[in-house]
There are 2 protein chains.
Amino acid sequence: MTHSEENYIKAIFHLANAGIEVISTNALAEKMETKPSSVTDMMRRLSEKGLVHYKKYQGVSLTSLGTITALSIIRKHRLWEVFLVEKLGFTWDEVHEIAEQLEHIKSEKLIDKLDELLNFPKFDPHGDPIPGKNGEFMEHDNQLLSQLPIGSAALCVGVKDSSAVFLRFLDKNSIALGNKMKILEKEEFDNSLRILIDEKELHISQQIASNLYVKKIEL
Amino acid sequence: MTHSEENYIKAIFHLANAGIEVISTNALAEKMETKPSSVTDMMRRLSEKGLVHYKKYQGVSLTSLGTITALSIIRKHRLWEVFLVEKLGFTWDEVHEIAEQLEHIKSEKLIDKLDELLNFPKFDPHGDPIPGKNGEFMEHDNQLLSQLPIGSAALCVGVKDSSAVFLRFLDKNSIALGNKMKILEKEEFDNSLRILIDEKELHISQQIASNLYVKKIEL
DNA sequence: ACAAATTTTTAGTTTTGTCTAAATATTTTA
DNA sequence: TAAAATATTTAGACAAAACTAAAAATTTGT
């Protein structure tokens with residue numbers, strides 16, 4: 001498999017996982033930042049290799065082989081992200097770009113050893129689950145901070161948007177995975193929140209709150 | 001730069017470093033396991049980019065930009081090799097292939113952090129020097145074990161041949177970098193050696209002895 | 001339901017890196 | 001030094017992955 005093929009497979013997986021039922025040529029072209037005609041070409045090729053189901057004009061989906069392939073690439077990507085943060089001291093907004101390259105390195109043994117070095121982590125630095133060797137995929141059914149009622153307490157377990165801008169905003173405000181947070185007040189007008197985060201009070205917009213995954217805890 | 005361009009640059013550097021004055025199209029083709037015509041094409045391209053000096057029918061050499069590029073690739077390759085052995089527990093015969101892939105990852109910061117994680121190593125697992133950030137290249141003027149006189153003691157500091165077969169042979173006989181060795185006897189007939197290596201006596205052929213770099217020590 | 005708008009595919013071109021076969025240049029040797 | 005052998009380059013082709021422009025299919029709106 002070429003890097004390009006792997007990137008297409010990954011993109012299809014992510015679109016499907018984002019709840020899109022029919023993945024259109026255009027949607028995939030946009031995700032891949034390429035032209036629809038290039039997508040058509042690639043789908044023909046991936047279809048011939050048995051990685052996707054593809055019928056002209058009818059969208060695309062992964063075969064089971066394609067799904068296994070996608071999970072293995074995502075596993076590599078996320079393990080490398082953990083490595084970059086835990087072992088090399090990168091911040092969580094810097095790792096995606098480098099992991100995009102590292103995920104294409106071919107060596108089963110390398111990934112197994114890396115997994116071991118990192119102590120078999122189950123989540124990457126953004127809180128996304130790391131598929132296991134056999135593709136077991138821990139789907140997190142987390143809530144968004146914006147969905148919690150006033151007064152509830154929760155642990156920050158992930159981010160929905162993992163763009164560098166958002167992550168840097170979180171860093172600046174000392175919001176990190178594992179933080180304990182409590183909702184003190186919700187502003188009716190704009191749905192912004194006053195929260196307590198690790199002893200400190202903070203005011204955050206609705207947009208922020210709806211991009212933070214949390215897990216409710218009892219007090 | 002593409003992976004392929006980087007591989008050509010590296011190959012030219014290694015040939016030049018092996019003492020070959022004029023690097024011919026054929027020699028490079030053989031090293032790269034490709035056809036001479038492909039080499040000619042690539043030389044035209046690398047020449048346009050200012051990485052090599054190239055005149056038709058007259059061989060090729062690296063420009064200073066090309067040399068800097070080669071050193072940076074070799075630095076990455078060797079640092080990754082150290083990582084694979086030291087941190088992931090690979091044996092020294094396994095690392096080359098994986099490092100061939102990892103050396104193409106683009107991120108200055110990644111390499112600096114890796115260097116730091118590994119404690120700024122000066123040699124790779126085969127005893128080859130790791131170029132510094134600015135291309136400082138520690139040329140080792142080591143002797144071959146086969147060149148030492150009888151009775152002398154030395155430390156094993158590197159291998160000349162770093163093929164997997166040779167390295168696995170060394171492993172099997174517990175010969176590793178850092179080992180102290182003493183020459184007990186040289187067989188006149190075939191130049192094989194009886195040596196003492198970390199308390200153990202071993203009989204090795206001339207071919208083995210002339211592929212081990214050593215550094216003489218006083219008793 | 002049919003024209004208009006949109007989406008998707010096809011056809012033809014480009015770039016990179018490779019190849020084979022043929023042509024040309026250089027080196028060797030007798 | 002001229003013919004033979006060898007080395008190198010050129011020319012033309014191919015595959016992968018992209019692009020543009022045009023054609024075809026599908027969906028939408030009235």
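Numbers restart at 1 for each chain; the letters A, B, ... are given by sequence-line order, proteins then strands. Note: hydrogens, waters and symmetry copies are ignored here, and every other heavy atom, side chains too, is used.
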Between [atom2] on [N] and [atom1] on [X], what's the gap in Å once rounded to a whole number?
X        : N      : atom1 : atom2 : answer
B:His3   : C:dG17 : NE2   : P     : 10 Å
A:His104 : D:dA17 : NE2   : P     : 12 Å
B:Met1   : C:dT16 : CE    : C1'   : 13 Å
A:Met42  : C:dT10 : CE    : P     : 16 Å
A:Arg44  : C:dA11 : CZ    : C1'   : 12 Å
A:Asp41  : C:dT8  : CG    : P     : 15 Å
B:Glu48  : C:dG17 : CD    : P     : 12 Å

Do any side-chain atoms of residues 105-112 of chain B form donor-acceptor pairs under 3.5 angstrom with protein atoms, and if so which ones, sequence neighbours left out?
unit_1, atom_1, unit_2, atom_2, d
B:Lys106, NZ, B:Glu6, OE2, 3.2
B:Lys106, NZ, B:His104, O, 3.2
B:Ser107, OG, B:Leu110, N, 3.0
B:Lys109, NZ, A:Glu94, OE2, 2.4
B:Asp112, OD2, B:Lys133, NZ, 2.9

Give the table of side-chain donor-acceptor pairs shorter than 3.5 Å for residues 28-51 of chain A, with sequence neighbours excluded, one pair per line with atom names and distance.
unit_1, atom_1, unit_2, atom_2, d
A:Thr40, OG1, A:Pro36, O, 3.2
A:Lys49, NZ, A:Glu5, OE1, 3.2
A:Lys49, NZ, A:Glu5, OE2, 3.0

message: Tell me every residue that passes side chain to side chain donor-acceptor pair (under 3.5 Å) with B:Asn191, counting only those two or more places apart in sequence or in another chain.
response: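 Result, side chain to side chain donor-acceptor pair (under 3.5 Å) vs B:Asn191: none returned.
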query: Taking only residues two or more places apart in sequence, or in another chain, which ones meet B:His53 in a side chain to side chain donor-acceptor pair (under 3.5 Å)?
result: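 B:His53 satisfies side chain to side chain donor-acceptor pair (under 3.5 Å) with no residue once adjacent residues are dropped.
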- request: Measure from the side chain of A:Arg45, starting at C-beta and using heavy atoms only, and say which of C:dG17, D:dA16, D:dT9 lies closest.
  value: D:dA16
Taking [X] for the side chain and [Y] for the main chain, is one N or O donor matched with an acceptor at less than 3.5 Å?
X        : Y        : result
B:Arg75  : B:Ile130 : no
B:Asp161 : B:Ser163 : yes
A:Ser210 : A:Gln206 : yes

- prompt: Are A:Lys113 and B:Phe90 in a cation-pi setup, meaning NZ or CZ lies under 6.0 angstrom from the ring centre and within 45 degrees of the ring axis?
  reply: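 Ring-cation test returns yes.
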N/O to N/O distances under 3.5 Å, protein versus nucleotides 24-28 of chain C:
unit_1, atom_1, unit_2, atom_2, d
C:dA25, O4', B:Tyr57, OH, 3.3

- prompt: Is there a side-chain polar atom (N or O) of B:Ser37 under 4.0 Å from OP1 or OP2 of D:dT8?
  reply: no
- prompt: Think A:Ser38 has a side-chain N or O under 4.0 angstrom from the OP1 or OP2 of D:dA18?
  reply: no
- prompt: For the residue pair B:Val85 and B:Pro125, what are the closest heavy atoms and their distance?
  reply: CG2-CG, 3.6 Å
- line: Whichever of A:Ser4 and B:Tyr54 has the more 5' nearest nucleotide on DNA chain D, that residue is B:Tyr54
query: Of the residues in residues 5-36 of chain B, which ones touch DNA chain D at a heavy-atom distance under 4.0 Å?
result: B:Ser24, B:Thr25, B:Asn26, B:Pro36
